[in-house]
Amino acid sequence: MSNITYRYIKQNSDVQTYIKHADKALESRGYTEHSNAHVEKTAETAYNILQTLKFSERECELAQIAGYMHDIGNCVNRSNHAETGAMMAFNLLSRLAMPAEEIAVIISAIGNHDELTAAPVNPVAAALILADKMDVRRSRVRPPNRPAPSEFIRDVHDRVNYACVQSRYYFSEDKSELFLDLIIDLEISSIMEYFEIFLHRMSLCRLSAETLGIKFRLVINNSKIV
C-alpha cells in the first residue's frame, strides 16, 4: 500500500489543472457541469458505497481517487475520454510512485466508466459507475440560473437534469439494496423522457450493483421504477 492518499491527490496541482480544463472544454460544447463539484461528489459517493459494504479502507480510498480523477480525459476530447483519462491517470500516478497494483485498479475503473464502454470490472469500477451515474441534479445545468421552463433548455439532457429538484441515494436497512431517489418536476420533463436519456445508465447501475452483491433500485416521485 502506498502513501498516496485521496487528500494528496485532491491537492495535487496537476490533477486540479486537468479537472479545470476538462470542465471548461465541456462547457464550451454545452455539456453539463463536470467541475470539482461533480468529481468531489463522485469521489465521496464511491467511497461511501464501498465503505457501507465493508470493503477495506484502502479499496474505499482507491475508489475515492478514481472518482476524483475519472473525467480528466475530457480536457483532450469528449470522445474516448474514459480511456484517455485512464492513461493520463497512469502517467500521473506512476510519477508519484504509487504501486502498480493500485494504479491498475484505478485506471481500470476510470477506463470503464463511460456509458458506451462501461463495465464494472472490479469493485472500484462498480462503485465509480454507480457514483458517476447517480449524480443527477439541477445545479449541473449551465448556467445555474435559468428563466422559466418554457423559455429554456431545448436540449433534453439539460432538461432532464434541470427537472430533478431533489436527488439522494441510500441503502436499505440490511444493506442489500441501493436506492437512487429522485423528485422530478413533471412540468419540465416527463418520466418517459428521463428514461430515454438515462435507461442505459440505470442498466449500468444495476449491473454494477450486482457486481457488488446488491440490488439497484430507482425511485422517482415516490414510485419504485426499477
Side-chain angles (χ1 to χ4, degrees), residues 4-51 58-93 95-96 98 102-103 105-118 120 122-144 157-158 161 164 167-169 180 198 201 204-205 208:
I4 305 301
T5 64
Y6 171 62
R7 181 178 179 181
Y8 180 86
I9 292 298
K10 192 175 177 182
Q11 294 175 346
N12 183 277
S13 60
D14 290 343
V15 176
Q16 280 290 324
T17 296
Y18 294 136
I19 291 171
K20 179 181 70 175
H21 282 271
D23 185 53
K24 285 187 174 182
L26 292 182
E27 182 178 19
S28 73
R29 299 181 61 183
Y31 281 85
T32 52
E33 173 266 322
H34 284 71
S35 67
N36 276 44
H38 171 61
V39 298
E40 287 179 15
K41 184 175 179 63
T42 301
E44 177 186 356
T45 301
Y47 177 92
N48 288 340
I49 288 171
L50 293 191
Q51 185 185 55
R58 187 54 178 169
E59 280 183 287
C60 295
E61 189 166 40
L62 293 181
Q64 209 172 14
I65 293 170
Y68 192 73
M69 300 179 73
H70 79 281
D71 270 339
I72 59 175
N74 282 303
C75 73
V76 177
N77 197 294
R78 179 63 177 175
S79 297
N80 302 315
H81 77 279
E83 293 88 342
T84 304
M87 295 309 301
M88 293 172 65
F90 169 79
N91 288 327
L92 285 161
L93 297 174
R95 291 205 309 268
L96 296 174
M98 177 180 272
E102 294 188 343
I103 294 176
V105 172
I106 291 171
I107 63 174
S108 292
I110 294 174
N112 281 282
H113 85 271
D114 185 57
E115 286 97 296
L116 297 178
T117 56
N122 55 47
V124 169
L128 172 56
I129 290 170
L130 285 162
D132 183 37
K133 308 316 172 197
M134 291 196 302
D135 187 16
V136 183
R137 51 188 164 84
R138 174 171 286 190
S139 56
R140 294 196 69 185
V141 178
R142 312 176 198 259
H157 295 84
D158 274 0
N161 273 283
C164 185
S167 173
R168 65 189 182 113
Y169 73 90
L180 174 60
F198 287 102
R201 299 182 191 185
L204 286 170
C205 285
S208 298

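From a predicted model like this one, the values you see are computed outputs, not experimental measurements.
- Here the side chain of His34 pairs a donor or acceptor atom with the backbone of Thr32 at under 3.5 angstrom.
- Side-chain contact between Leu62 and Tyr6 is absent, with no heavy atoms from C-beta onward closer than 4.5 Å.
- The main-chain N or O of Gly67 is found under 3.5 Å from a side-chain atom of His70 such that the two form a donor-acceptor pair.
- In this structure, CD1 on Ile72 lies 4.5 Å from CE on Met88, to the nearest 0.5 angstrom.
- The distance from atom OG1 of Thr42 to atom CG of Leu130, rounded to the nearest 0.5 Å, is 11.0 Å.
- Looking only at side-chain heavy atoms (C-beta outward), Lys24 and Lys20 come within less than 4.5 Å of each other.
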### Task
Dump the intermediate steps for salt bridge (Lys or Arg N to Asp or Glu O under 4.0 Å) on Arg137 and Glu33, then the final yes or no.
CA-CA 10 Å; Arg137 51 188 164 84; Glu33 173 266 322; 2.8 Å; yes
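- Using modelled atom types, one side-chain atom of Asn12 and one backbone atom of Val15 make a donor-acceptor pair closer than 3.5 Å.
- Atom-to-atom distance recorded for Ser208:OG and Asp132:CG is 10.5 Å, nearest 0.5 angstrom.
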### Task
Go through the steps to decide whether Asn36 and Ile19 satisfy the test side-chain contact (heavy atoms from CB on, under 4.5 Å), and finish with yes or no.
CA-CA 7 Å; Asn36 276 44; Ile19 291 171; 3.3 Å; yes
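- In this structure, Ile110 CD1 and Ile65 CD1 are separated by 9.5 Å, a value rounded to the nearest 0.5 Å.
- Contact of the Ser167 side chain with the Cys164 side chain is registered, since non-hydrogen atoms from C-beta on lie closer than 4.5 Å.
- Using a cut-off of 4.0 Å between Lys/Arg side-chain N and Asp/Glu carboxylate O, Arg58 and Glu61 are scored as salt-bridged.
- In this structure, the side chains of Phe90 and Ile106 stay at 4.5 Å or more apart for every pair of heavy atoms.
- Residues Ala131 and Ile49 come closest through the heavy atom pair N-CD1, 4.4 Å.
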### Task
Tell me, with the steps shown, if Arg78 and Arg29 meet side-chain contact (heavy atoms from CB on, under 4.5 Å).
CA-CA 10 Å; Arg78 179 63 177 175; Arg29 299 181 61 183; 3.2 Å; yes
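- Looking at heavy atoms from C-beta onward, Met134 lies out of side-chain contact with Arg201 at the 4.5 angstrom threshold.
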### Task
Please report the C-alpha distance between Gln16 and Gln11 in whole Å, then the side-chain angles of each, then the deciding distance to 0.1 Å, and finally whether the side-chain contact (heavy atoms from CB on, under 4.5 Å) criterion is met.
CA-CA 7 Å; Gln16 280 290 324; Gln11 294 175 346; over 6 Å; no
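- The shortest distance between side-chain heavy atoms of Ile9 and Gln64 does not fall below 4.5 Å.
- With rounding to the nearest 0.5 angstrom, the NZ atom of Lys41 is 12.5 Å from the OG atom of Ser35.
- Asn48 places a side-chain N or O within donor-acceptor distance of the main-chain N or O of Glu44, the cut-off being under 3.5 Å.
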### Task
Quick one: do His38 and Asp23 satisfy side-chain hydrogen bond (donor to acceptor under 3.5 Å, both in side chains)? Show the steps, please.
CA-CA 10 Å; His38 171 61; Asp23 185 53; over 6 Å; no
### Task
Step by step, work out the side-chain contact (heavy atoms from CB on, under 4.5 Å) result for Glu83 and Asp114.
CA-CA 9 Å; Glu83 293 88 342; Asp114 185 57; 5.7 Å; no
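- Under a cut-off of 6.0 angstrom, the local environment of OH in Tyr169 is crowded, with over 12 non-hydrogen atoms contributed by other residues, nucleotides or ligands.
- When side chains are defined from C-beta on, Phe198 counts as touching Asn161, because their heavy atoms get closer than 4.5 Å.
- Across Lys133 and Cys205, no two heavy atoms sit closer than the pair CB-SG, 3.6 Å.
- A side-chain donor from one of His113 and His81 sits under 3.5 Å from a side-chain acceptor of the other.
- Shown here for Pro123 and Leu50, the closest heavy-atom pair between the two residues is O-CD2, 3.9 Å.
- Counting only distance, with no hydrogens or angles, the side chain of Ser28 and the backbone of Ala25 share a donor-acceptor pair below 3.5 Å.
- The backbone N or O of Asp71 sits less than 3.5 Å from a side-chain atom of Asn74, completing a donor-acceptor pair.
- A salt bridge links Asp14 with Arg95: at least one charged nitrogen is closer than 4.0 Å to a carboxylate oxygen.
- Closest non-hydrogen pair, Val124 versus Ala109, comes out as CG1-CB, 3.7 Å.
- Contact of the Asn112 side chain with the Thr117 side chain is not registered, since no non-hydrogen atoms from C-beta on lie closer than 4.5 Å.
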